[in-house]
Structures are given as structure tokens and as C-alpha cells.
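See structure below.
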Protein chains: 2
Amino acid sequence: MNRTTQKIAELDRVIHEPGRLMIVALLSAVEQADFLYLQHETEMNKGTLSSHLSRLEEVGYIEVVKTYRGKIPQTLLSLTAEGRQAFQQYRRRMKEAL
Amino acid sequence: MNRTTQKIAELDRVIHEPGRLMIVALLSAVEQADFLYLQHETEMNKGTLSSHLSRLEEVGYIEVVKTYRGKIPQTLLSLTAEGRQAFQQYRRRMKEAL
DNA sequence: AAAACCAGTTTGCACTGCCAACCTGAATCT
DNA sequence: AGATTCAGGTTGGCAGTGCAAACTGGTTTT
């Protein structure tokens with residue numbers, strides 16, 4: 001297994017998935033974002049977005065805070081330190097591979 | 001949808017799949033390779049490798065030639081012009097996205 | 001008060017990927 | 001001749017993803 005192949009094999013599959021890669025890339029740039037903003041930016045439907053967010057939370061890459069903007073519910077998402085680190089490692093490996 | 005997100009959404013899913021990304025990256029560097037070489041380099045099992053190769057052939061990204069090395073069968077794989085172009089586009093987009 | 005609305009979640013279904021096991025066709029070993 | 005080996009393909013079971021539709025809990029509209 002050569003260097004490139006090795007790097008590809010080591011890519012974090014949770015982040016590699018395009019839907020989640022978009023989410024993580026967006027969150028890496030903004031400190032915090034809400035569900036609707038992510039939905040608008042990624043153009044994913046609610047269901048798909050919701051399940052990707054659950055997965056990212058499950059592995060500890062994002063923090064999910066359910067709150068209210070006035071009286072309507074708002075879900076705030078942010079990368080955890082672990083998520084930020086995982087994304088940076090992903091970027092590094094992918095760049096090295098390509 | 002911002003630039004990064006847009007680029008990620010446009011990534012070619014056939015190539016994005018890590019197993020196939022390894023195959024395409026390997027083939028992009030060697031003109032031609034055989035099945036066993038790819039299996040050794042990628043550490044995939046025969047079944048998985050075989051099905052990824054079928055998929056790549058199906059979309060026209062690789063050419064598959066079944067021949068013989070002495071008396072034992074040998075399957076030779078090579079990127080088509082289209083496959084090479086698709087890989088370059090994939091690399092470009094991924095680099096721009098990250 | 002009933003109907004429509006909004007933010008999200010859950011569910012059901014189709015499709016894809018992964019792995020192990022089995023299958024094929026030809027060669028080699030005993 | 002029968003059993004083993006080898007290259008590679010096919011199959012079956014299981015997990016992950018995408019989408020649409022139904023659902024939940026609360027709010028606004030009529």
C-alpha cells in the first residue's frame with residue numbers, strides 16, 4: 001500500500017460522506033449555525049439533514065442545543081473540539097492523498 | 001450555498017467512494033495495472049474489488065482487458081481518457097473545497 | 001375550535017457498499 | 001483420475017444513505 005492509497009484508506013468515513021462533509025465544512029467556518037441555515041446552505045431535505053446531524057452528534061463531532069428564537073424552536077449546531085480536530089485531520093489526509 | 005458547499009455537492013460519487021478512489025488514484029499513476037496488484041495495494045478482498053471495478057467499467061472510467069500471463073489468467077485495468085478527466089476534475093473540486 | 005403552519009424527528013422503502021462464502025474454469029499436484 | 005490451487009466473479013446478509021411521507025409539539029390563522 002503506497003502513501004496515497006494509505007491516506008485514502010485512513011480517511012474518516014463519518015466526515016467523508018458528502019452530506020456530512022458539507023455540514024462540517026460549514027460549521028468549521030462559523031462558530032455556530034442553526035438547522036434552517038444548514039438546510040438552506042446544503043439543500044438537503046429535513047430528514048436527511050436531521051439524520052446526518054444525529055450521526056455527527058453520536059460520534060461527538062458536533063454539539064446540538066435546542067432552544068427558542070422567540071417562540072419558535074431553534075436547533076443550534078456547533079463543532080466540538082474533537083470535531084474540529086477530526087475535520088482538520090481529514091483535510092490534511094485528503095490533501096496529502098491528492 | 002457557498003463555494004465550498006457547492007464544490008462538495010458537485011463531487012463525483014462514483015470516484016468519491018474510498019475503495020474506488022484508491023483504485024483510480026493508483027491507475028492514474030501507472031498506465032496499467034493488474035487485478036492482483038490492485039488487490040495487494042488496496043488490501044480489499046476480491047469480491048469488493050471486483051464489484052468496484054465493474055462499476056468503474058460500467059461508467060466508462062476504466063478499461064478491463066482479460067488476458068494471460070503464461071497460462072494463468074490476468075485482468076488488466078487502465079484508466080480511460082474519460083476516467084482520467086473525471087479524476088482530475090474530482091481532485092480539482094476537492095482541493096478547492098478544502 | 002378547527003385548520004394550517006413551523007421546526008424537527010421518525011419511519012418505510014429503494015439503493016449502495018462490505019464481507020464472507022460459494023462458484024467457475026483452467027492448471028497443477030499426488 | 002481426483003484433489004488442490006489460482007484468478008476472478010457472483011451471491012446473500014447486514015449496515016449506511018436518500019427521499020418522501022407521516023408524525024410530534026407548539027403556534028398562528030380563520
Side-chain angles (χ1 to χ4, degrees), chain A residues 1 5 8-27 32-78 86 90, chain B residues 1 5 8-27 32-59 61-78 90:
Chain A
M1 203 185 249
T5 312
I8 294 170
E10 286 170 352
L11 291 172
D12 183 333
R13 302 298 187 105
V14 173
I15 291 184
H16 189 66
E17 179 60 31
R20 289 189 295 260
L21 184 52
M22 284 192 269
I23 294 169
V24 169
L26 284 167
L27 291 181
Q32 194 176 65
D34 66 21
F35 189 96
L36 291 181
Y37 171 77
L38 291 181
Q39 193 189 350
H40 179 251
E41 287 298 309
T42 62
E43 291 176 11
M44 277 187 262
N45 62 49
K46 298 157 181 255
T48 302
L49 177 55
S50 179
S51 61
H52 281 317
L53 291 174
S54 296
R55 182 105 174 82
L56 288 168
E57 184 184 21
E58 194 180 295
V59 300
Y61 288 174
I62 66 173
E63 189 191 4
V64 180
V65 176
K66 290 168 199 302
T67 178
Y68 288 85
R69 175 176 23 114
K71 291 190 166 174
I72 62 182
Q74 185 183 37
T75 301
L76 295 175
L77 296 317
S78 56
Y90 177 86
Chain B
M1 201 184 246
T5 312
I8 294 170
E10 286 171 351
L11 290 171
D12 182 333
R13 303 298 187 105
V14 174
I15 291 183
H16 189 66
E17 179 59 32
R20 288 188 295 259
L21 184 52
M22 284 192 270
I23 294 169
V24 170
L26 284 167
L27 292 181
Q32 194 176 66
D34 66 22
F35 190 96
L36 291 180
Y37 171 77
L38 291 180
Q39 193 188 351
H40 179 251
E41 288 298 309
T42 61
E43 291 176 10
M44 277 187 260
N45 63 50
K46 297 157 184 257
T48 302
L49 178 54
S50 178
S51 61
H52 282 317
L53 291 173
S54 295
R55 183 104 173 81
L56 288 168
E57 183 184 22
E58 193 181 297
V59 299
Y61 288 174
I62 66 172
E63 188 191 4
V64 179
V65 176
K66 292 168 196 303
T67 178
Y68 289 84
R69 175 176 24 113
K71 291 190 169 177
I72 62 183
Q74 184 183 37
T75 301
L76 294 175
L77 296 318
S78 56
Y90 177 86

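Order of the sequence lines sets the chain letters (A, B, ...), proteins ahead of strands, with each chain counted from 1. No hydrogens, no waters, no symmetry mates; every other heavy atom, side chains included, goes into these values.
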Does A:His16 use its side chain to pair, donor to acceptor, with the backbone of B:His16 at less than 3.5 Å?
yes
With a 3.5 Å distance limit and no angle check, can you tell me whether A:Thr42 reaches the backbone of A:Leu38 through a side-chain donor-acceptor pair?
yes
Touch check for [X], heavy atoms < 4.0 angstrom, all strands: base, sugar-phosphate only, or nothing?
| X | result |
| --- | --- |
| A:Thr48 | base |
| A:Leu49 | nothing |
| B:Arg20 | sugar-phosphate |
| A:Lys71 | sugar-phosphate |

Specify the separation, in whole Å, of atom [atom1] of [X] and atom [atom2] of [N].
| X | N | atom1 | atom2 | value |
| --- | --- | --- | --- | --- |
| A:Arg55 | C:dT9 | CZ | P | 16 Å |
| B:Arg13 | C:dC15 | CZ | P | 17 Å |
| B:Lys46 | C:dT24 | NZ | P | 16 Å |
| B:Asp12 | C:dT16 | CG | C1' | 15 Å |
| B:Asn45 | C:dC19 | CG | C1' | 6 Å |
| A:Glu17 | C:dC15 | CD | P | 18 Å |
| A:Gln74 | D:dG26 | CD | C1' | 16 Å |
| A:Glu43 | D:dG18 | CD | P | 15 Å |

Under the side-chain contact (heavy atoms from CB on, under 4.5 Å) rule, what do A:Ile23 and A:Leu49 come out as? Steps first, then yes or no, please.
CA-CA 9 Å; A:Ile23 294 169; A:Leu49 177 55; 3.6 Å; yes
If you assign A:Thr67 and B:Ile72 each to the DNA chain C nucleotide with the nearest heavy atom, which residue ends up on the more 5' nucleotide?
A:Thr67
Nearest-nucleotide check on DNA chain D, B:Gly47 vs B:Leu36; residue mapping nearer the 5' end is B:Leu36
Under 4.0 Å from OP1 or OP2 of [N]: is there any side-chain N or O of [X] that close?
| X | N | answer |
| --- | --- | --- |
| B:His52 | C:dT16 | no |
| A:Lys66 | C:dT9 | yes |
| A:Ser50 | C:dG8 | no |

Any heavy-atom pair between the side chains of A:Glu58 and A:Arg55 that's under 4.5 Å?
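SC-SC contact between A:Arg55 and A:Glu58 confirmed.
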Could you give me the CA-CA distance, side-chain angles and deciding distance for B:Val24 and B:Tyr61, then say whether side-chain contact (heavy atoms from CB on, under 4.5 Å) is met?
CA-CA 9 Å; B:Val24 170; B:Tyr61 288 174; 5.6 Å; no
